[in-house]
2 protein chains.
Amino acid sequence: MFDKDITMREVAKMAGVSIATVSKYLDGIKVKDINKERIEKSIETLGYRRNEIARGLKTRKSYTIGVLVPSFKHVFFMEIISSLEDYLQARGYSAIICSYKESPEEEDKKLSFIANKMVDGIIVASTGKNNDKIEKISRQIPTVLIDRLPEGMELDSVSIDNFKAGYEAAKILIEKGHTNIGLISAAEVADTLRKRHEGFIQALKDNNIKINEKKIGYSNLNFSEAMTASQKILSEKDRPTALVVANYDMTIGAIMAINKLGLQIPEDISIVGFDNLELSKIIKPELTIIEQPVKVIGETAGRLILERAKKDPRTEIKHEVIQFNIHNGFSVKQLK
Amino acid sequence: MFDKDITMREVAKMAGVSIATVSKYLDGIKVKDINKERIEKSIETLGYRRNEIARGLKTRKSYTIGVLVPSFKHVFFMEIISSLEDYLQARGYSAIICSYKESPEEEDKKLSFIANKMVDGIIVASTGKNNDKIEKISRQIPTVLIDRLPEGMELDSVSIDNFKAGYEAAKILIEKGHTNIGLISAAEVADTLRKRHEGFIQALKDNNIKINEKKIGYSNLNFSEAMTASQKILSEKDRPTALVVANYDMTIGAIMAINKLGLQIPEDISIVGFDNLELSKIIKPELTIIEQPVKVIGETAGRLILERAKKDPRTEIKHEVIQFNIHNGFSVKQLK
DNA sequence: TTGAAAGCGCTAACAT
DNA sequence: ATGTTAGCGCTTTCAA
């Protein structure tokens with residue numbers, strides 16, 4: 001069967017020193033040159049690897065941050081994770097990444113999984129359906145909320161101003177003369193999307209554009225439902241001249257629907273999407289999008305979690321609001 | 001500061017039983033009803049969470065699989081991880097996901113990190129530059145290779161036949177009458193890409209098409225270098241009529257280059273890409289691609305790792321070769 | 001059914 | 001500079 005793990009005890013025995021000396025050597029504390037050599041040789045020949053689990057049990061430190069995201073399929077979160085990992089790594093921390101697949105029950109389980117793994121901190125983009133649990137855990141383990149911000153949770157957080165993002169998305173279209181504007185949203189799924197939705201509505205109101213519920217499509221964040229919802233809206237006889245699509249994956253779905261119906265962007269339908277600058281550039285025509293600075297978001301989350309680890313969980317709560325960018329492509333037609 | 005963790009000892013004390021009884025209760029072993037009640041109540045009021053780390057130290061089981069991928073930015077790996085996580089979860093296992101950002105040094109570190117975390121298994125898409133380390137670890141921890149298969153590593157593995165994939169990609173173009181075909185590759189970076197490259201070359205040879213090194217662009221897997229490489233090739237005076245692009249991210253780069261040069265697909269340039277069926281459908285025109293069945297790959301990796309955990313590391317090595325699909329879009333022009 | 005006690009691999013006083 | 005030892009939170013015999 002598999003080789004059994006080598007322990008420090010065996011290394012110590014082979015090197016002819018005590019287990020404490022090996023531990024000290026591993027910690028970079030000075031040991032006699034001869035011992036150093038013998039320990040190094042023993043470690044090499046035995047193939048010893050320090051058991052970080054046992055170590056952490058004693059030190060109460062794992063140098064590991066648990067990260068929980070809604071899905072591995074959202075490019076947005078993957079980019080955040082990528083920059084977050086960079087940030088942590090540079091400071092001697094690693095990350096263990098989990099996803100809850102947009103399921104609140106699964107989120108609950110994964111929160112336990114991570115918390116019980118003795119991580120030094122938790123970063124979570126929550127459904128908002130497990131606030132009690134997160135609240136409880138956050139009293140024992142430093143916790144930072146990211147992107148999705150459940151109501152009334154007094155914890156460090158990083159996000160953009162989603163209301164404003166929704167507002168600005170609509171405004172881009174309104175300023176180009178559009179008044180018949182549809183929205184593809186998923187307000188039920190995440191507060192992020194709900195706020196964008198609210199911002200969108202507010203922009204219409206502020207410009208005296210009447211809200212037509214029929215022009216608002218609901219999906220579950222993924223591209224296929226967004227495609228169905230878009231197809232429905234775009235097939236109405238009073239078809240909107242423009243669409244705001246409230247996240248990246250749904251933007252993909254909306255474009256699929258547009259293609260399927262044989263419509264042209266922006267001639268037949270203008271579109272303002274969200275996220276993924278790279279891709280917005282290869283889609284023809286280049287998309288006008290609200291771009292969240294994923295790199296900054298990831299780094300900020302990393303900074304907050306390491307800072308929080310040094311402080312009382314109930315003091316100086318920081319809500320970092322990151323500025324989004326507007327990327328102007330060619331997917332919006334000037335009307336009038 | 002943060003609340004201190006509640007231990008089993010405290011639960012036992014509050015419930016007026018021994019720590020062993022609490023442990024048994026937690027394991028679902030029968031305890032007296034009255035004790036059961038009191039333990040449950042204590043756990044609830046104290047907010048006790050079992051320390052899985054300490055538990056694992058004793059049981060030598062973590063029900064956790066470590067997964068190491070080259071990057072969080074490759075959609076391909078994220079989809080594999082997603083299906084892998086589903087598979088494991090259904091069987092009581094969790095996954096901790098790490099990335100090494102395409103850096104062999106980082107791969108080495110992350111391998112240690114994961115191995116030292118007492119995971120029950122490791123799934124890795126390796127650079128191929130740390131074979132000794134993987135070899136060593138695999139003798140102590142069940143290990144499965146995925147996608148990228150370093151030469152001569154006798155370990156369980158899952159992948160497609162990349163040589164054949166490269167061959168077929170070229171063949172699609174050849175059969176439509178193309179003889180002036182370019183390739184955007186990254187043969188240095190991963191054996192996967194090298195094999196696709198070799199398959200591509202073989203297809204040209206088998207059809208008596210001369211290989212022009214000038215028509216082979218090298219990048220580092222990401223879209224921006226692929227864009228530069230594509231631009232160069234497409235700016236030569238004897239411009240190829242078609243391009244094979246050996247992975248998804250580079251396909252994005254190639255399309256960016258094509259757009260930038262003002263060329264039309266497929267009128268001016270035909271293209272066969274790799275991966276990401278969803279996206280190939282929203283790009284206009286719909287792309288012809290070689291599609292790797294990510295779901296199957298993830299599940300197969302999950303199955304292999306759980307099987308391997310029960311067996312000797314040196315017996316019955318399985319190399320699972322998954323069939324790829326060819327998705328015909330409209331990005332290839334029929335010549336002549 | 002329950003509890004006492006040894007020990008998983010490691011660290012950190014403390015003593016030498 | 002090194003070794004002895006208690007103990008991190010938990011499981012698991014073994015005896016009661």
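Just so it is clear: chains get the letters A, B, ... in the order the sequence lines come, proteins before strands, and each one is counted from 1.
Close to D:dC8, at under 4.0 Å from its OP1 or OP2, lies no side-chain N or O of B:R9. Residue B:R50 has a polar side-chain atom (N or O) positioned under 4.0 Å from OP1 or OP2 of D:dT11. Checking the phosphate oxygens (OP1, OP2) of C:dC8, no side-chain nitrogen or oxygen of A:N51 falls inside 4.0 Å. Considering only side-chain N and O atoms, B:Y48 lies under 4.0 angstrom from the phosphate OP1 or OP2 of D:dC10. Applying the 4.0 Å criterion to OP1 and OP2 of D:dG3, one finds that A:S18 has a side-chain N or O inside that range.
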Evaluate the criterion side-chain hydrogen bond (donor to acceptor under 3.5 Å, both in side chains) for residue pair A:E320 and A:T300; output intermediate values, then yes/no. CA-CA 8 Å; A:E320 300 273 3; A:T300 307; 5.8 Å; no
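Nucleic acid contact for B:D5: none, since no nucleic acid atom lies under 4.0 Å from a heavy atom of the residue. Residue contacts for B:I19: at a heavy-atom cut-off of 4.0 Å it reaches a base atom on one of the strands shown. At the heavy-atom level, B:S23 lies under 4.0 Å from base atoms of the strands shown. Residue contacts for A:K24: at a heavy-atom cut-off of 4.0 Å it reaches a base atom on one of the strands shown.
Ionic pairing of B:D86 and A:K101 is present here: one or more N-O contacts between side-chain nitrogen and carboxylate oxygen are shorter than 4.0 angstrom. Ionic pairing of B:R55 and B:E52 is present here: one or more N-O contacts between side-chain nitrogen and carboxylate oxygen are shorter than 4.0 angstrom. In summary, B:E37 and B:K41 do not engage in a salt bridge, as defined by a charged side-chain N under 4.0 Å from a carboxylate O.
Rounded to whole Å, the distance from CE on A:M118 to C1' on C:dG9 is 13 Å. Rounded to whole Å, atom C1' of C:dA13 lies 14 Å from atom CG of A:D27. In this structure, B:R38 places its CZ atom 14 Å from C1' of C:dT2, rounding to the nearest Å. The distance from atom CG of A:L26 to atom P of C:dG9 is 15 Å, rounded to the nearest whole Å. With rounding to whole Å, B:K13 atom NZ is found 16 Å from D:dG9 atom C1'. D:dT11 atom P lies 10 Å from atom CD1 of B:I29, rounded to whole Å. One atom, CD1 of A:I39, and another, C1' of C:dC10, lie 15 Å apart when rounded to the nearest Å. Here the C1' atom of nucleotide C:dC8 and the NZ atom of B:K61 are 16 Å apart, to the nearest Å.
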All N/O donor-acceptor pairs, side-chain side in residues 63-78 of chain B, below 3.5 Å, sequence neighbours left out:
{"from": "B:T64", "atom 1": "OG1", "to": "A:K117", "atom 2": "NZ", "distance (Å)": "2.9"}
{"from": "B:T64", "atom 1": "OG1", "to": "B:S62", "atom 2": "O", "distance (Å)": "2.9"}
{"from": "B:S71", "atom 1": "OG", "to": "B:K73", "atom 2": "N", "distance (Å)": "2.8"}
{"from": "B:H74", "atom 1": "ND1", "to": "B:D249", "atom 2": "OD1", "distance (Å)": "3.1"}
{"from": "B:H74", "atom 1": "NE2", "to": "B:E102", "atom 2": "OE2", "distance (Å)": "3.0"}

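If one axis is set at each end of the helix from C:dT1-D:dA16 to C:dT16-D:dA1 from five pairs, those axes are 40° apart, to 10°.
Taking CD1 of B:I305 as the start and CD1 of B:I122 as the end, the distance is 7.5 Å to the nearest 0.5 Å.
The listed nucleotides are C:dC8, D:dT2, C:dT11; the one nearest the side chain of A:K32 is D:dT2. In the set D:dC10, D:dT2, C:dA12, C:dA12 carries the atom at the smallest distance from any side-chain atom of A:A20. In the set C:dT2, C:dA13, C:dG9, C:dG9 carries the atom at the smallest distance from any side-chain atom of A:A54. Of all nucleotides listed (D:dT2, C:dG9, D:dT12), D:dT2 comes nearest to the side chain of A:T21. Each of C:dT11, D:dG9, D:dT11 was ranked by its minimum atom distance to the side chain of B:L57; first place goes to D:dG9.
The salt bridge (Lys or Arg N to Asp or Glu O under 4.0 Å) test with B:D156 is passed by exactly one of B:R314, B:K318, B:R308, B:K311: B:R308.
Between the side chains of B:E85 and B:S82, not a single donor N or O lies within less than 3.5 Å of an accepting N or O.
Below the 3.5 angstrom threshold, one finds no donor paired with an acceptor across the side chain of A:K58 and the base of C:dG9.
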